[in-house]
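In what follows, a structure is listed as structure tokens, so that the remarks can point back to it.
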2 protein chains.
Amino acid sequence: MDKEEQVLMSFKNLLNKLILLNKTKMEESLKGYKPSEVHCIEYIGKHVDSNVTKLAEFSYMTRGAISKMTKKLIKKGLIESYQKPDNKKEIYFRLTEQGKIIYKIHEELHKEFRERDKAVFEQVTEEQLDMMIHFAEKYSRHLEAEIKKQGIKINQNKFDE
Amino acid sequence: MDKEEQVLMSFKNLLNKLILLNKTKMEESLKGYKPSEVHCIEYIGKHVDSNVTKLAEFSYMTRGAISKMTKKLIKKGLIESYQKPDNKKEIYFRLTEQGKIIYKIHEELHKEFRERDKAVFEQVTEEQLDMMIHFAEKYSRHLEAEIKKQGIKINQNKFDE
DNA sequence: GATATATTGTTGACAAGGAAACAAAATGAC
DNA sequence: GTCATTTTGTTTCCTTGTCAACAATATATC
């Protein structure tokens, strides 16, 4: 295995572990809420006028899946939908009071995770962090161009958090 | 969003795009074979005496899921199982001739992917690659320790390829 | 304006994978 | 040796998410 592959493998491994650990932690603090649901709440909490399509793109999931999930979140009373007077097609979401509580807890958890991993980040310089971000974004843009070239719809699944 | 978060977000984004693109490419070349199946074939091709448990650990999936998948792969004639005379419990897998063909095609695809992304890697130095690998592995080990501390079983899903 | 095309959200059928319970065998404790 | 514990693989039930078809609305073209 050469270095190119090694980089990607180590990233995959890292994120798998991170997902596993954080998911387990989250299930303790937020019993009854699935990671994908919390993820959805997080996005809605951070973006005004989020709708099914935008959520799907952000989450790398299909609109169908998001449609079902938002319905469930509405039923659970965590989000509510609304429309605008000049558009009868698009449906937007916002958090309910209960949803905001979940959002808050999730934020706290994130802080906890950061605290937990602080030691690791203390061992790299800011320049190194910048370098990695730059690399990942450059690579991302390269893939983005390839995806466009192929005419692939970004709707498939994977890697949330 | 601070830099710590930004690094992880950019990694997630990168891998999501990579998975999406490679998956689509793979579905063209290997019609009828799911990414998880190919992934499984890849592991079996690379490791002698692979069994359900090892495959599960490697793939971040449950033994149940792997058990079902290997059965399907056997039915499709891509792998075969065998046992050792001194162990009536463990069941090992190896590729059939047909499986080796799939393995080969997958290898070729990988080369193709590397070629496609060469330009990105040409813009970073070997030291930078080393640095990133080192960071990811260090972080991984940190999480590994945390996971052990919590007594979590590594069995959940996510991030293959 | 009218009409074709694209976008948005929804649904039902289906498949993949997780959780938990289980049997069989291996390992460990004594 | 015997008995308890652990490991391994399997199965059943259930949840999640994809796919594809669809209706409703919006946008583009003429």
Side-chain angles (χ1 to χ4, degrees), chain A residues 16 19-20 23-24 26-27 31-40 44 49-76 79 81-93 151-160, chain B residues 16 19-20 23-24 27 31-40 44 49-76 79 81-93 151-161:
Chain A
N16 268 324
I19 287 165
L20 170 60
K23 184 182 152 198
T24 312
M26 255 173 55
E27 273 162 4
K31 272 200 209 313
Y33 302 103
K34 294 275 146 59
S36 54
E37 292 176 352
V38 178
H39 193 237
C40 194
I44 293 172
D49 296 347
S50 34
N51 59 4
V52 167
T53 301
K54 278 189 257 172
L55 270 164
E57 276 172 16
F58 177 73
S59 314
Y60 291 85
M61 284 169 61
T62 59
R63 281 177 298 150
I66 298 290
S67 177
K68 289 170 196 167
M69 196 191 302
T70 49
K71 283 210 174 306
K72 213 162 50 167
L73 289 174
I74 290 171
K75 211 180 226 168
K76 286 190 182 181
I79 64 174
S81 62
Y82 63 95
Q83 291 193 284
K84 293 186 180 181
D86 56 335
N87 191 319
K88 296 183 205 309
K89 192 172 64 162
E90 298 188 356
I91 298 165
Y92 307 99
F93 304 107
I152 300 169
K153 289 254 174 62
I154 303 192
N155 252 346
Q156 273 92 330
N157 74 316
K158 282 281 138 107
F159 244 147
D160 288 333
Chain B
N16 268 324
I19 288 165
L20 169 60
K23 185 183 150 197
T24 312
E27 274 162 4
K31 272 201 209 312
Y33 301 103
K34 294 275 145 58
S36 54
E37 293 177 349
V38 177
H39 193 237
C40 195
I44 293 172
D49 297 346
S50 35
N51 59 6
V52 167
T53 300
K54 278 188 259 173
L55 271 164
E57 277 172 14
F58 176 73
S59 313
Y60 290 85
M61 286 169 62
T62 59
R63 280 176 299 151
I66 298 291
S67 178
K68 290 171 202 165
M69 196 192 300
T70 50
K71 282 206 175 311
K72 214 163 48 171
L73 289 174
I74 290 172
K75 213 181 225 165
K76 286 190 183 180
I79 63 173
S81 62
Y82 62 95
Q83 291 193 285
K84 294 187 180 180
D86 57 334
N87 191 320
K88 296 184 205 310
K89 192 172 65 166
E90 298 187 355
I91 298 165
Y92 306 99
F93 304 108
I152 300 168
K153 289 254 175 62
I154 304 190
N155 254 343
Q156 274 91 328
N157 75 316
K158 284 279 139 109
F159 243 149
D160 287 336
E161 168 221 17

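Since this is a predicted model, take the numbers as computed values, not measurements. Lettering follows sequence order; numbering is per chain, from 1.
Counting any heavy atom pair closer than 4.0 Å across all strands shown, K72(B) reaches sugar-phosphate atoms only and no base atom. Nucleic acid contact for A65(B): sugar-phosphate only, since backbone atoms but no base atoms lie under 4.0 Å from a heavy atom of the residue.
By the 4.5 Å heavy-atom criterion applied to side chains, T70(A) and I66(A) are counted as neighbours. For the pair F58(B) and H39(B), the minimum side-chain heavy-atom distance is below 4.5 Å.
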Q. For every nucleotide of nucleotides 2-8 of chain D, 5' to 3': is a protein heavy atom under 4.0 Å from its base (B), only from its sugar-phosphate (S), or from neither (-)?
A. -----BB

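In this entry the distance linking CD of Q83(A) with C1' of dG9(C) reads 10 Å, nearest Å. Whole-Å rounding puts the L55(B) CG to dA16(C) C1' distance at 16 Å. Atom NZ of K84(A) is separated from atom C1' of dG9(C) by 17 Å (rounded to the nearest Å). Atom CE of M61(A) is separated from atom C1' of dT10(C) by 15 Å (rounded to the nearest Å). As a whole-Å value, the separation of E27(B) CD from dT18(D) P is 12 Å. Rounded to whole Å, atom C1' of dT10(C) lies 13 Å from atom CD1 of I66(A). Rounded to a whole Å, the NE2 atom of H39(A) is 12 Å from the P atom of dG17(D). Between the NZ atom of K71(B) and the C1' atom of dG17(C) there is a distance of 17 Å, given to the nearest Å.
Annotation: of the two residues near DNA chain D, G64(A) and Y92(B), the 5′-most nearest-nucleotide partner is Y92(B).
In terms of the side-chain contact (heavy atoms from CB on, under 4.5 Å) criterion, residue partners of K34(B) (sequence neighbours excluded) are, by chain and number, S36(B), E37(B). Remark: Y92(B) engages E90(B) in a side chain to side chain donor-acceptor pair (under 3.5 Å) (not counting sequence neighbours). Partners of K84(B) under the side chain to side chain donor-acceptor pair (under 3.5 Å) rule, at least two apart in sequence or in another chain, are D49(B). For N87(A), there are no side chain to side chain donor-acceptor pair (under 3.5 Å) partners two or more places apart in sequence or in a different chain.
Put simply, K88(A) has no side-chain N or O that comes within less than 4.0 Å of OP1 or OP2 on dT8(C). Applying the 4.0 Å criterion to OP1 and OP2 of dA25(C), one finds that N87(B) has every side-chain N and O outside that range. Contact annotation: S67(B) side-chain N/O to dG9(D) OP1/OP2 distance is not under 4.0 Å. Remark: S36(A) is not in phosphate contact with dT16(D), judged by side-chain N or O atoms under 4.0 Å from OP1 or OP2.
Five base pairs at each end of the helix from dG1(C)-dC30(D) to dC30(C)-dG1(D) define two local axes, and these are offset by 40° (rounded to 10°).
Scanning all heavy atoms of the two residues, the minimum distance from F93(B) to I74(B) falls at CE2-CD1, 4.2 Å. The minimum heavy-atom distance linking M69(B) with M61(B) is given by the pair CE-CE, 3.6 Å. The minimum heavy-atom distance between K76(A) and G32(A), with the atom names listed, is NZ-O, 3.3 Å. Considering all non-hydrogen atoms of both residues, P35(A) and M26(A) come closest at CA-CE, 3.8 Å.
Side chain K68(A) to base dT18(D): a donor-acceptor pair is found below 3.5 Å.
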